[in-house]
Amino acid sequence: MTEIISQLGSVHRAIGERAIPAGDARTVLLRRSYAAPVDEVWTAITDPDRIGRWFLPVTGDLRRDGRFQLEGNISGTVQRCQPPRLFTLTWVLGGSPASEVEVRLAPEAGGTLLELEHAALVDERFWAEFGPGATGVGWDLALLSLHLHLSGEAIPIDDPATSQHSPEFTGLAAESSRAWGAALAAAGATPAEVTTAVEHSVALYAPPARMFATRSWMRASRAAFLRHFVSPSGVRG
């Protein structure tokens, strides 16, 4: 499990602002490396069968101008597609304004550098409560899921059925939330603002056993990642 948590430390995170068609947006940026060639990573993130194996089941047309639907009330349109280096999507959660997700790949020594940027309109009160963690933790889990898929790994746990409340998962959610807190601090937030955002992000993704995250992205990204928890007997030696 220590190695899995260390994967979170290999991610560069940053936050910013830019305009999108829906208005002035806040952005979260993640950058990390994979020990796989660009073509392999591209296939894993664009082939519907492969996407369903590490992320969420997807239906629709994944070509330029095509519409898609991810399990869990997430839909969108492919705006740009430049295989095997870049794609841009609109990203719609229920009735929320469309946000934008762009993924960029580049070859590097030993594998592939992946950048993911998500630009979305965020209510100021929501940002004050959760900061970038509400979106960023979900993408941390997604990119970690992609690592597990590309490397053929899984996370052993005694009872996968209770994984969302396990120390293993809550530890990952806390580590990711703290990392996004550091990105928030680097952008100029006060210590009090960072503490609030980190604490609330952890509770959003790893709530007590009698609570559950209610926002679509939290439910979907968490559910996708938890599929990588298996009983010890299911881990390949």
Side-chain angles (χ1 to χ4, degrees), residues 7 11 13 18-23 25-108 111-122 134-154 215-228:
Q7 286 289 324
V11 179
R13 300 169 183 83
R18 69 176 175 88
I20 61 174
R26 292 188 182 271
T27 64
V28 298
L29 173 74
L30 302 89
R31 182 186 303 120
R32 64 156 296 164
S33 298
Y34 292 98
V38 168
D39 286 345
E40 170 66 9
V41 178
W42 178 262
T43 300
I45 64 176
T46 59
D47 178 82
D49 178 65
R50 294 285 296 274
I51 294 170
R53 288 159 57 189
W54 66 269
F55 190 45
L56 295 166
V58 59
T59 57
D61 185 356
L62 299 186
R63 295 172 297 180
R64 183 174 178 178
D65 297 325
R67 292 192 55 79
F68 68 89
Q69 178 79 42
L70 284 162
E71 185 179 272
N73 204 28
I74 301 169
S75 62
T77 301
V78 181
Q79 295 182 310
R80 300 168 63 196
C81 186
Q82 301 173 6
R85 297 297 176 86
L86 177 147
F87 65 75
T88 307
L89 314 168
T90 61
W91 188 265
V92 181
L93 293 169
S96 300
S99 58
E100 288 187 356
V101 174
E102 182 166 283
V103 177
R104 301 178 284 268
L105 303 182
E108 64 175 7
T112 300
L113 181 68
L114 181 148
E115 284 190 345
L116 184 149
E117 183 182 56
H118 190 163
L121 273 61
V122 182
T135 299
V137 174
W139 285 120
D140 265 336
L141 295 176
L143 295 189
L144 184 53
S145 293
L146 179 59
H147 161 74
L148 294 168
H149 172 70
L150 290 169
S151 61
E153 299 177 27
R215 291 175 64 88
S216 297
W217 174 231
M218 292 74 180
R219 290 199 308 269
S221 60
R222 185 179 63 181
F225 180 75
L226 291 174
R227 291 186 299 158
H228 295 276

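The side-chain heavy atoms of F55 and L146, taken from C-beta on, include no pair separated by under 4.5 Å. At a threshold of 4.5 Å between non-hydrogen side-chain atoms, the residues S33 and H147 do not count as touching. Considering only heavy atoms from C-beta on, R63 stays 4.5 Å or farther from C81 through its side chain.
Remark: Q82 pairs with no residue by the side chain to side chain donor-acceptor pair (under 3.5 Å) rule, at least two apart or across chains.
The two residues I20 and A120 make their nearest non-hydrogen contact at CD1-CA, 4.4 Å. Shortest non-hydrogen contact noted between A22 and A98 is CB-O, 3.6 Å. Across V58 and P48, no two heavy atoms sit closer than the pair CG1-CA, 3.8 Å. The minimum heavy-atom distance between R18 and E117, with the atom names listed, is NE-OE1, 3.3 Å.
Applying the ring pair (Phe, Tyr, Trp, His ring centres under 6.0 Å) definition to pairs two or more places apart or across chains, none involves residues 66-86.
Distance check: L148 CG to L144 CG gives 5.0 Å after rounding to the nearest 0.5 Å. The distance from atom CD of E102 to atom CD of E115, rounded to the nearest 0.5 Å, is 9.0 Å. Rounded to the nearest 0.5 Å, atoms CG (L56) and CD1 (I51) are 10.0 Å apart. Taking OG1 of T135 as the reference point, atom NE2 of H118 lies at 6.0 Å (rounded to 0.5 Å). Between R104 atom CZ and R85 atom CZ the span is 13.5 Å, to the nearest 0.5 Å.
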Before you tell me yes or no, could you show the steps for L105 and Y34 under side chain to side chain contact (heavy atoms under 4.5 Å, CB included), namely the whole-Å CA-CA distance, both residues' side-chain angles and the distance that decides it to 0.1 Å?
CA-CA 10 Å; L105 303 182; Y34 292 98; over 6 Å; no

Begin with the C-alpha distance, continue with both residues' side-chain angles, and end with the deciding distance and a verdict on side chain to side chain contact (heavy atoms under 4.5 Å, CB included) for I74 and W91.
CA-CA 7 Å; I74 301 169; W91 188 265; 3.7 Å; yes

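A distance-only check finds no donor-acceptor pair linking the side chain of W139 to the backbone of L116 [under 3.5 Å]. Between the side chain of R13 and the backbone N or O of V11 there is at least one donor-acceptor pair closer than 3.5 Å. When atom types are taken as modelled, the side chain of T77 and the backbone of T90 share no donor-acceptor pair closer than 3.5 angstrom.
Among V103, V78, L62, the single residue meeting the side-chain contact (heavy atoms from CB on, under 4.5 Å) criterion with L89 is V78.
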Please tabulate, one pair per line, all N/O donor-acceptor pairs under 3.5 Å involving side-chain atoms of residues 35-43, not counting sequence neighbours.
unit_1, atom_1, unit_2, atom_2, d
E40, OE2, R50, NH2, 2.7
T43, OG1, D39, O, 3.0

